Participant: 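My questions will all concern the structure given below.
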Amino acid sequence: MKVAVVGGGPAGYVAAIRAAQLGAKVTLIEEGELGGECTNWACIPSKTLLRAVEVYKEAAEYLQGLPKIDWKAVQGRRWAVVKRLREGIEKLLSMNEVEVVKARAQPAPGRAVKAGGKVIEAEALILATGSVPAPLPNLPFGGKVLDTKSALLLEEPPNSVLIVGGGAAGVELATLFAKVGSKVVLVEVMDRLLPALDADIGMTVERELRAMGVEVYTSSTVLSVDDRGRAVSARLKTAKGEIALEADYVVAAAGRRPNPGPFADLVKTDERGHVVVDGQMRASAGWVYAAGDVAGPPYFAHKAYAQAKIAAEAALGRKAYYEPLAVPAVVFSDPEVASVGMTEDEARRAGYDAKSARVPLSISGMGLITGGAGFVKLVYDGNSGRILGVHAVGRRVSEIAGEAALLVEFGATVEDLALVMHPHPTISELLVEAAELAVGKPTHIAKRGP
Amino acid sequence: MKVAVVGGGPAGYVAAIRAAQLGAKVTLIEEGELGGECTNWACIPSKTLLRAVEVYKEAAEYLQGLPKIDWKAVQGRRWAVVKRLREGIEKLLSMNEVEVVKARAQPAPGRAVKAGGKVIEAEALILATGSVPAPLPNLPFGGKVLDTKSALLLEEPPNSVLIVGGGAAGVELATLFAKVGSKVVLVEVMDRLLPALDADIGMTVERELRAMGVEVYTSSTVLSVDDRGRAVSARLKTAKGEIALEADYVVAAAGRRPNPGPFADLVKTDERGHVVVDGQMRASAGWVYAAGDVAGPPYFAHKAYAQAKIAAEAALGRKAYYEPLAVPAVVFSDPEVASVGMTEDEARRAGYDAKSARVPLSISGMGLITGGAGFVKLVYDGNSGRILGVHAVGRRVSEIAGEAALLVEFGATVEDLALVMHPHPTISELLVEAAELAVGKPTHIAKRGP
Amino acid sequence: PAAEAPTSQKVAAMPAARRLARELGIDLSKVKGTGPGGVITVEDVRRAAEELARQEKAPPAPPP
Ligand SMILES: Cc1cc2nc3c(=O)[nH]c(=O)nc-3n(C[C@H](O)[C@H](O)[C@H](O)COP(=O)(O)OP(=O)(O)OC[C@H]3O[C@@H](n4cnc5c(N)ncnc54)[C@H](O)[C@@H]3O)c2cc1C
Ligand SMILES: Cc1cc2nc3c(=O)[nH]c(=O)nc-3n(C[C@H](O)[C@H](O)[C@H](O)COP(=O)(O)OP(=O)(O)OC[C@H]3O[C@@H](n4cnc5c(N)ncnc54)[C@H](O)[C@@H]3O)c2cc1C
């Protein structure tokens with residue numbers, strides 16, 4: 001069986017590998033770099049830079065006088081990490097005998113795609129063309145108006161920056177630049193940061209960003225931006241009225257849109273442009289599948305991986321379905337965010353006897369060692385005790401999101417969790433504390449009233 | 001019902017809280033500080049200092065010229081964290097209406113203990129008297145010969161230090177001092193560091209310590225130490241013959257011994273001095289229970305917590321048993337260590353069709369971002385796919401040990417784990433990679449031959 | 001009969017069990033779970049499938 005994959009990002013390269021493992025002859029077509037947005041310009045660069053500024057900022061507590069950060073060294077490390085991962089992907093594809101075509105793909109008559117002058121026939125086509133940044137209304141990219149990729153490529157941290165969009169990418173960039181001393185203004189149209197997540201999370205992140213010196217404006221929009229060459233001047237509409245400000249750059253981190261490109265005519269798309277798929281990631285044209293950002297939100301690399309494996313397996317006739325109970329959301333702000341499964345409201349609306357148990361990080365050894373701000377909250381069903389969601393803010397909580405997903409996917413109860421020994425001192429212990437609170441026997445927090 | 005608890009460390013204060021929650025009138029007797037060894041002198045101080053030197057050392061990569069570390073500030077942070085946690089424990093005890101007596105306890109006739117001139121009658125007694133450092137043969141503590149507690153209290157990092165014992169405490173201290181520039185020599189009598197854990201772990205930690213400049217001697221012993229006031233000179237017997245060296249200090253980190261103290265006569269103890277207990281933590285005198293270090297190895301705070309809860313529940317007539325499938329072991333060396341459940345050898349000896357799947361950290365984004373050295377290994381039963389153990393080395397793996405314990409305690413299979421979405425980029429993703437390798441469909445590693 | 005509708009999210013089943021149920025067309029709401037807290041494991045689904053196969057093979061019970 002022959003399979004063509006368009007796009008070499010997290011969705012595309014993983015689909016290609018899985019299809020090859022199942023015996024298909026696979027061609028992958030990528031017009032840019034293997035690894036896609038995530039490896040080259042988004043997830044990996046941002047997290048590498050964030051790790052560098054994390055240690056820089058925290059080390060300052062223990063130094064007599066802090067030298068300026070060497071941004072060249074920081075970016076140098078970023079390129080080293082990205083290169084190594086990208087080369088790894090190239091090698092994996094070649095070891096799995098995936099043919100890679102470096103060109104732009106478009107549909108060809110019959111069951112085929114065209115790319116770089118070749119016509120590639122295939123019994124199945126997997127679209128993994130990802131997403132592209134959406135510009136702000138009336139504010140095209142260019143000059144001092146940057147997308148997230150360009151912001152992560154700056155050769156020096158800006159003196160000042162206006163970041164538009166308080167979602168994951170926006171708060172990560174605000175964290176990054178605030179830690180190296182940039183004056184950061186962060187604007188979000190909704191009434192809190194990270195509006196897609198549990199409300200307590202956004203409020204905690206906002207408080208901590210403010211403590212770091214970030215000016216945060218929620219329920220606010222950008223009225224106009226005037227690019228004056230050496231800087232921009234902007235006018236904001238905020239809850240407290242209009243304000244004007246100057247900044248070296250504006251970063252539009254307010255959204256992305258799907259990128260079906262020339263394949264938009266081949267398959268049905270929704271009103272926003274996502275390829276419409278069924279539970280097996282199959283598009284309206286039965287031989288076509290889609291995975292990753294182009295197949296709809298949420299936009300996460302691990303969601304792309306999971307859908308890509310399903311698409312490849314379904315294309316090869318397996319009875320595989322994409323039906324996760326929990327797609328973990330992680331934000332590498334300071335403090336970090338991890339959010340898995342249902343919020344309490346969602347659980348209530350789904351008909352559960354929704355309950356929650358929340359413990360602050362400051363009751364735990366590792367919580368205090370790493371900084372102290374934040375909490376871990378379990379959402380569970382009061383009747384069965386089953387864990388439906390986990391919502392956490394705090395340094396390192398990104399690493400407990402996998403366990404959180406496991407709890408939800410395994411149908412674990414708060415009682416089950418309360419009985420599993422977790423090592424001391426770690427952030428993961430807070431999951432156990434929250435579970436003990438839920439069963440009414442908390443150890444490191446005063447018992448709730450009867 | 002009246003319960004007396006002797007010792008206010010992780011075992012003692014947790015037993016007191018749990019017993020109080022179940023309705024007992026509880027008296028806790030502590031001769032030193034609440035929080036015991038762990039909070040005041042071991043777990044928490046060491047991890048706070050280790051976090052400080054971690055960021056110091058890593059920040060050096062991004063600075064033009066590194067100022068000396070301000071050890072006063074580092075120790076200052078340590079005291080702030082310890083104080084906050086200790087005060088938290090005091091508050092928890094008082095909110096749970098536990099009476100605290102600050103004195104040394106000893107047995108009294110009948111069912112009672114004596115402390116600070118008072119006789120405390122109790123229907124149940126929980127011994128949580130912990131452990132004390134064991135000196136090296138012929139080498140009493142004092143002068144330049146330190147135990148781990150004193151080493152963690154040094155007002156300046158030593159110029160040079162000889163650490164005896166390559167277990168958890170020894171490798172953590174070696175990491176701590178090496179990162180601030182001390183010349184460190186580490187001696188272990190067994191043929192590898194961390195000899196109690198999976199062999200690959202010790203070898204990886206040894207390689208990384210050496211890369212940090214630590215001189216490691218395995219299969220070696222200290223023949224003699226001569227404390228000359230301003231420094232010590234020592235002779236070692238190593239695999240390559242005898243060597244002599246000088247150091248500012250010797251730290252004996254080679255072991256601890258149980259501390260039943262005056263209660264040794266009240267209950268049966270084993271040849272090493274641990275209180276002998278049954279599955280409910282009940283000692284030979286039926287009204288006496290024991291928990292924590294004094295009840296036997298392994299010496300971990302989380303094991304102390306777990307046993308303390310069982311002891312309290314059993315003392316109050318509940319049918320609670322201490323029978324974990326996995327006691328997580330975590331070491332905060334660089335790279336960190338997490339080890340849960342059976343090694344491959346142990347699984348084979350237990351009659352399983354023992355198999356293992358191992359993936360290096362360097363195949364993953366977060367693995368490379370945080371440094372790259374290390375691996376995650378799953379041990380599983382080839383017939384059922386059931387996960388029996390997880391063994392990992394690498395920065396941040398301490399935070400996946402909780403998830404590892406969940407996998408083992410839940411009887412999860414490699415297939416179950418392979419299907420749970422883990423967020424990108426995190427170290428926790430490597431658990432999924434290892435599981436995919438086990439089921440024969442690895443994503444980020446070349447497939448094993450047929 | 002293949003279970004085409006998504007498995008009910010209210011049935012607690014391990015991920016590999018859900019996947020196998022899809023492959024074998026087993027309705028998870030009719031499977032008894034033996035995992036922690038009654039969670040359905042992959043073994044439970046396998047057993048249910050064998051049981052179903054036995055029932056289908058067995059001749060219909062003679063009328064009384
Ligand atoms: C700043 C930022 C930070 C982020 N951080 C994280 C994070 O930490 N964790 C996380 O999980 N997610 C993160 N994301 C989201 C993540 O990057 C995406 O979800 C992920 O890249 C989606 O993968 P994909 O394969 O669907 O698409 P992409 O990575 O966008 O890859 C699509 C590929 O297809 C190629 N392509 C498109 N059209 C064609 C064509 N016609 N012919 C040939 N090639 C084509 C493109 O060149 C591209 O390489 C972040 C996003 C941003 C913007
Ligand atoms: C350097 C070092 C680092 C460590 N790091 C970790 C780690 O990161 N994670 C981890 O899990 N474990 C760690 N440990 C082990 C951990 O400290 C112990 O397992 C834990 O403290 C055991 O708790 P416990 O309550 O049994 O005993 P202890 O903490 O020893 O407490 C016993 C208490 O009893 C009191 N006491 C004793 N006798 C009497 C008496 N007769 N009357 C009144 N009071 C009495 C003592 O004063 C003491 O406060 C570390 C140990 C060391 C040495």
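Side-chain atoms are counted along with the backbone in the values below, which use heavy atoms only and exclude waters and symmetry mates. If you're wondering where the values come from, they're calculated on a predicted model, not measured in any experiment.
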Participant: Is the closest side-chain heavy-atom distance between Glu58(B) and Arg51(A) below 4.5 Å?
Facilitator: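 Contact flag for Glu58(B)/Arg51(A) side chains = yes.
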Participant: side-chain contact (heavy atoms from CB on, under 4.5 Å) for Lys441(A) and Glu313(B)? Distances and angles first, verdict last.
Facilitator: CA-CA 11 Å; Lys441(A) 291 190 222 163; Glu313(B) 293 182 1; 3.1 Å; yes
Participant: Heavy-atom distance under 4.5 Å to chain B: side chain of Ile17(A), backbone, both or neither?
Facilitator: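 For Ile17(A), the contact with chain B is made by the side chain alone.
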Participant: I need the residue from Val420(B), Val14(B), Leu22(B) with the largest number of non-hydrogen atom pairs under 4.5 Å to chain A.
Facilitator: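 The answer is Val420(B).
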Participant: If I measure from the heavy atoms of chain B, does Leu92(A) come under 4.5 Å with its side chain, its backbone, both, or neither?
Facilitator: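 When you check distances to chain B, only side chain atoms of Leu92(A) fall under 4.5 Å.
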Participant: Checking Leu431(B) against chain A: side chain, backbone, both or neither under 4.5 Å from a heavy atom?
Facilitator: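 Neither; nothing under 4.5 Å.
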Participant: Which atom names give the shortest non-hydrogen contact between Met421(A) and Ala306(B), and what distance separates them?
Facilitator: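 Taking Met421(A) first and Ala306(B) second, the nearest heavy atoms are CE-CB, 3.8 Å.
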Participant: Please determine, among His444(B), Lys47(B), Arg396(B), Glu409(B), the option with the most heavy-atom pairs under 4.5 Å with chain A.
Facilitator: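 Among His444(B), Lys47(B), Arg396(B), Glu409(B), the one with the most close pairs to chain A is His444(B).
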Participant: So, taking the atom named CD1 in Ile369(B) and the one named OG in Ser46(A), what distance separates them when rounded to the nearest 0.5 Å?
Facilitator: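 With rounding to 0.5 Å, CD1 (Ile369(B)) is 7.5 Å from OG (Ser46(A)).
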Participant: Among Ile427(B), Val81(B), Val432(B), which residue has the highest count of heavy-atom pairs closer than 4.5 Å to chain A?
Facilitator: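 Of Ile427(B), Val81(B), Val432(B), Ile427(B) has the most heavy-atom pairs under 4.5 Å with chain A.
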Participant: Side chain, backbone, both or neither: which part of Pro425(B) has a heavy atom under 4.5 Å from chain A?
Facilitator: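 Both parts, backbone and side chain.
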Participant: Heavy-atom distance under 4.5 Å to chain B: side chain of Gln21(A), backbone, both or neither?
Facilitator: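 Looking at Gln21(A), backbone and side chain both touch chain B.
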Participant: Could you check whether any side-chain heavy atom of Tyr56(A) comes within less than 4.5 Å of a side-chain heavy atom of Glu61(B), counting everything from C-beta outward?
Facilitator: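 Sidechains of Glu61(B) and Tyr56(A): no contact.
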Participant: Grab the two heavy atoms, one from Ile363(A) and one from Leu85(B), that are nearest each other, plus how far apart they are.
Facilitator: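 The pair with the smallest heavy-atom distance is O-CD2, 4.1 Å.
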Participant: Considering only heavy atoms and a distance below 4.5 Å, find which of Ala52(A), Pro10(A), Cys43(A) pairs most often with chain B.
Facilitator: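 Ranked by heavy-atom pairs under 4.5 Å with chain B, first place is Ala52(A).
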Participant: I'd like to know if Arg395(A) and Glu399(B) make a salt bridge, using a cut-off of under 4.0 Å between side-chain N and carboxylate O.
Facilitator: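 Answer for the salt bridge query: no.
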Participant: Count the heavy-atom pairs under 4.5 Å between each of Val82(A), Ile400(A), Asp416(A), Val340(A) and chain B, then report the option with the highest count.
Facilitator: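 Counting heavy-atom pairs under 4.5 Å, the top option is Asp416(A).
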Participant: What I'd like to find out is whether the side chain of His424(A) reaches to under 4.5 Å of the side chain of Tyr305(B), using heavy atoms alone.
Facilitator: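 Touching, per the 4.5 Å side-chain cut-off.
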Participant: Which atoms of Ala412(A) come close to chain B, meaning under 4.5 Å heavy atom to heavy atom: side chain ones, backbone ones, both, or neither?
Facilitator: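 Contact with chain B is through both the backbone and side chain of Ala412(A).
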Participant: Using non-hydrogen atoms only, which part of Ile89(B) is less than 4.5 Å away from chain A: side chain, backbone, both, or neither?
Facilitator: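 When you check distances to chain A, no heavy atom of Ile89(B) falls under 4.5 Å.
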Participant: Using a heavy-atom distance cut-off of less than 4.5 Å, which residues of residues 68-76 of chain A contact chain B?
Facilitator: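 Listed by number: Lys68(A), Ile69(A), Asp70(A), Ala73(A), Val74(A).
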Participant: Hey, which of Val330(A), Leu63(A), Leu50(A) has the most heavy atom pairs under 4.5 Å with chain B?
Facilitator: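 Winner by heavy-atom pair count: Leu63(A).
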Participant: Measure Thr39(A) against the heavy atoms of chain B and call it side chain, backbone, both or neither at under 4.5 Å.
Facilitator: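 No part of it gets close to chain B.
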Participant: Is Glu87(A) close to chain B through its backbone or its side chain, or both, or neither, when contacts mean heavy atoms under 4.5 Å?
Facilitator: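 Neither the backbone nor the side chain of Glu87(A) comes within 4.5 Å of chain B.
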Participant: Any idea how Phe410(A) and Phe410(B) line up, ring-wise: parallel (<30°), tilted (30 to 60°), or perpendicular (>60°)?
Facilitator: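 Geometry flag for Phe410(B) against Phe410(A): tilted rings.
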Participant: So do Ser362(B) and Arg84(A) actually touch side chain to side chain, heavy atoms under 4.5 Å?
Facilitator: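 Answer yes - side chains close enough.
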Participant: By a 4.5 Å heavy-atom criterion (distance strictly below it), what part of Gln307(B) contacts chain A: side chain, backbone, both, or neither?
Facilitator: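 Neither part.
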Participant: For Val55(B) and Tyr62(A), what are the C-alpha separation, side-chain angles and deciding distance, and is it a side-chain contact (heavy atoms from CB on, under 4.5 Å)?
Facilitator: CA-CA 9 Å; Val55(B) 297; Tyr62(A) 308 116; 4.2 Å; yes
Participant: Is chain B contacted by the side chain of Arg78(A), its backbone, both, or neither, given a heavy-atom distance below 4.5 Å?
Facilitator: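 Answer is neither: Arg78(A) stays 4.5 Å or more from chain B.
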Participant: Quick check on the interface: out of Leu407(A), Val408(A), Leu368(A), who has the most heavy-atom pairs with chain B under 4.5 Å?
Facilitator: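 The option with the most such pairs is Leu368(A).
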Participant: For Pro423(B) and Ala401(A), work out which heavy atoms get closest and say how close.
Facilitator: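 That closest heavy-atom pairing would be CG-CB, 3.6 Å.
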Participant: Are the side chains of Leu406(A) and Leu417(B) in contact, using a 4.5 Å heavy-atom criterion?
Facilitator: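 The answer is yes; the side chains approach within 4.5 Å.
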Participant: Taking all atoms of both residues into account, what is the closest heavy-atom pair of Lys309(A) and Thr443(B), and its distance?
Facilitator: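 The answer is CE-OG1, 3.5 Å.
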Participant: Side chains of His422(B) and His302(A): does their closest heavy-atom pair fall under 4.5 Å?
Facilitator: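 No; the side chains remain at least 4.5 Å from each other.
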